[in-house]
Amino acid sequence: MSLPRFIPPAPVLLAAAAFAFAVSCARAAEPLPFHAFAWQLQELGRSTPWSPSPYEHLTHFYWLTQGDLEPDRAEASAAKLKAAMDQLPVGRRAVFDWDNTRLLWDDPADRLRTADGTEFHAPWWDHGAARLAERYGRFFRAYRDAGGELDVFVLDMEHGVGGSGVGGGQEHLLLDTREKWEAVLADPRAAQLREALGDVDAASLADRGSPAHKRWMAYAFWLTARYIEQALYEPARRQFPDVKFSNYGAFVDRLQTPRPNGTPADPGDVPGRYGTYAGTHQATDGLYGTLGGIKEDWAPAIQGKKVTSTPFNACLLHTNLMRTTILSEPTVRVTPWIAWRRYDGAGYFAPGNLPLGRTDYYQELIIHTALCNPDYFLFWSAFRWARDQRPDDACLVEDCLFTDRLLDEINRLVGFADRRSLVTALAPWHQGYLLSGMYADGRDVWRLTPDTALPEDKSRCLVEASPPTFDLGDARITFSGGRLETGRTLAPQGWWITTSTGAQPTVTKRPAAEP
C-alpha cells in the first residue's frame, strides 16, 4: 500500500509501526475491519480529479453535483462515475450528495403566500421531491445500464420542512410567524398536519415554546425524512436494492440524551417524536466534541451536577449520543459522523469552541464509538477549498493518516466479523470514567477511559496490572482474569483490557485511603 506524500512526525510513525497487542488465543474469526468514508482526502477539490484512497481504512466517496444530474449529461456523468467506482473493491463504492438537495426544498411550485403576498417555503415539498426523483432515476438507470455498482449513498442535507427537519433548521425555511401558519392551515393539505398534530392554530404553532410547536418539530423530522427517501433513496434502491443510505442528523433518540439539538422532550404522539432516520441507516449528528448549551450558566444540572467544559465531558456526551442511537433502534445500523483530530471549532475555521479538539480524548471518542459497532464511519475531513484559506485551519493529510492509523489500532483488537457490542446503557455523568466493551474473536475487549487532565495522570489510577484493577472517582473497577494490553498506541489516554467471554468487570466502592 502506498501512502500519501507526507512524512508524519516520528512519534506517529513509531506508534503506528510498533503497536502490537499480545493476544492469548489463536485467531478464529474472519477479519471485518472498521472503515470510514471520507468527505475529502485532498485540498482544493472534492472528487475532481477523483482517485482511489491511498489509505487502508479510508475511502473518498464520490461527490455528485447538480451538473451530474442534468438530463443531457446523465449518461456521460454515469460513465464517469463508473470509471471511478470500478477502481474500488466491493463494499466501498460510495457516492455523496450535498449540492442537489436545493432541488428538493427550493422548488418555486412548493411555495405559499401570506395574506399580504409575502412568499415563503411551504412545509410540503411535493414538486421538488418529484423533480429530484426524476433526475436521480434517470442518472441511476444510466449508471446501472453502464454496468455500475453502488454500495453506499451518503447524504448531508441539514434543511428540514419548516426549518425543523432532519439535521437542524435553516432560517429561510422557518415557519416563524402567525401569518405564515395561517396560510399553511388554509391549504387543503393542512388536513395531514391536523391529523398528526391534533387541534392546533396558527398562534400556537408560531410560538416555539408551545406544546403545539414541539409536536410540529417532531412531525417535521419525520416528514423531511420521507421526502428524502422519495427523492434520493428510492431512485437508488430501485436500481441497487442493497444500497445503504443515510442522511446527516437523521437518527432516533428514545432515551432523550441531553445534547445541543435534542429532540423535543414531550412532542406528543406524532410520527418522529423521538427522531427518525432516512433510508436504511441512522446517522448521528456530528460526533465532533461540542458541549453546546448544556455547559452554559443557564443550563440545568445533569444528574445532580453542572457539566463543565472539559475534553472528557465532550467525549462522554458524544459517546452517549452514539449509544442512544444504537439502543433506541437496535435493528437499524448506525453510521456516525466523526471529524479530524485537530478540529476544535464550530465551523471550518472557527477554532477554540470544541474542548475535544487537539486532545487525546479524540481517540477515546472514536474508540468508544467503535465499540458501539457502527456499520461504518463517515469522516468529515474538510480540507480548505480556496487558496486564500490557511491549510492548517482545516483538515490535512496528516490528520487523515492519524485517523487511518487509529482505525487500524481498533481493528487489531475488534475488527472481526463476529463482533457485537456489549454496550447496554448510557454512561452516567460525573462518575470519573467511561467504560465500553465489545465481544470479538472469541473474547471480550474493554476500553476504560479516566477523567483526567493529562495522559500521565492516568498512571495513578492503576492499582494492579494483574488482574487489571483501577481506582477511578469513588469506584474500584476489577477485570477478574483479564489482561491489560500494553504496547505503543495512538491512544494514551485510556486502557485496553481483554477478558474471557462473559467476564464482566466488577465495580465496587473505592477503599478509603489509609491514614
Side-chain angles (χ1 to χ4, degrees), residues 3-9 12 36-55 57-68 84 94-102 154-159 167-172 247-249 260-261 283 285-292 309 311 314 318 336-363 365-366 377-406:
L3 289 175
R5 289 174 296 181
F6 164 73
I7 300 176
V12 175
F37 292 101
W39 176 278
Q40 290 172 268
L41 293 176
Q42 59 184 349
E43 66 175 25
L44 305 176
R46 298 175 182 172
S47 55
T48 306
W50 190 92
S51 61
S53 168
Y55 306 96
H57 306 296
L58 305 179
T59 297
H60 185 190
F61 43 46
Y62 188 101
W63 285 58
L64 295 171
T65 67
Q66 287 192 26
D68 292 325
V95 298
F96 173 78
D97 194 358
W98 188 29
D99 299 308
N100 287 288
T101 59
R102 188 178 187 93
V154 180
L155 177 66
D156 181 7
M157 191 188 83
E158 300 176 37
H159 295 57
Q170 301 290 331
E171 289 299 320
H172 54 276
N247 180 45
Y248 177 90
N261 296 312
D285 283 347
L287 304 183
Y288 302 156
T290 178
L291 278 168
S309 181
H318 286 269
W337 283 88
I338 60 174
W340 65 100
R341 184 181 183 276
R342 292 181 308 102
Y343 179 63
D344 61 358
Y348 287 100
F349 310 122
N353 297 322
L354 278 72
L356 189 77
R358 302 175 188 264
T359 76
D360 287 327
Y361 279 104
Y362 169 86
Q363 296 94 291
L365 174 60
I366 305 305
F377 288 89
L378 299 173
F379 183 32
W380 185 51
S381 50
F383 283 66
R384 67 168 180 163
W385 64 88
R387 294 193 181 278
D388 61 350
Q389 296 164 339
R390 294 196 325 136
D392 190 56
D393 285 342
C395 187
L396 298 171
V397 168
E398 63 195 79
D399 298 309
C400 295
L401 180 64
F402 186 90
T403 300
D404 186 55
R405 292 294 184 258
L406 179 60

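All values reported here derive from a predicted model rather than from experimental measurement.
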With the side chain counted from C-beta on, respond yes when [X] and [Y] share a heavy-atom pair under 4.5 Å apart, and no when they do not.
X: Trp340; Y: Phe402; answer: no
X: Tyr361; Y: Thr359; answer: yes
X: Tyr288; Y: Trp380; answer: yes
X: Tyr248; Y: Asp285; answer: yes
X: Asn247; Y: Glu158; answer: no

Might you point out which heavy atoms bring [X] and [Y] nearest each other, and give the distance in Å?
X: Ala314; Y: Leu356; value: CB-CB, 4.2 Å
X: Asp392; Y: Arg358; value: O-NH2, 4.3 Å
X: Thr101; Y: Leu155; value: CG2-CD1, 3.5 Å
X: Leu406; Y: Tyr362; value: CD2-CE2, 4.3 Å
X: Tyr55; Y: Val397; value: OH-CG1, 3.4 Å

Short side-chain donor-acceptor distance under 3.5 Å, Gln66 and Arg102: no
Between Ser381 and Tyr343: side-chain donor-acceptor atoms closer than 3.5 Å: no
is_close_aromatic(Trp39, Trp98), centroid dist under 6.0 Å: yes
Side-chain donor or acceptor of His318 paired with backbone N/O of Thr290 under 3.5 Å: yes
To the nearest 0.5 Å, how far apart are [atom1] in [X] and [atom2] in [Y]?
X: Arg390; Y: Arg384; atom1: CZ; atom2: CZ; value: 11.0 Å
X: Asp344; Y: Asp393; atom1: CG; atom2: CG; value: 9.0 Å
X: Phe61; Y: Gln40; atom1: CZ; atom2: CD; value: 9.0 Å
X: Gln42; Y: Cys395; atom1: CD; atom2: SG; value: 12.0 Å
X: His60; Y: Cys400; atom1: NE2; atom2: SG; value: 9.5 Å

Test log, rule side chain to side chain contact (heavy atoms under 4.5 Å, CB included), inputs Arg342 and Leu396: CA-CA 9 Å; Arg342 292 181 308 102; Leu396 298 171; 3.3 Å; yes
Derivation and outcome, salt bridge (charged side-chain N to carboxylate O under 4.0 Å, His left out), residues Arg341 and Asp399: CA-CA 7 Å; Arg341 184 181 183 276; Asp399 298 309; over 6 Å; no
All side-chain contact (heavy atoms from CB on, under 4.5 Å) counterparts of Ala36, not counting sequence neighbours: Leu58, Phe377, Phe379, Leu407
Test side chain to side chain contact (heavy atoms under 4.5 Å, CB included) applied to Leu378 and Ile338, Leu287, Asp156, Val154, the passing residue: Val154
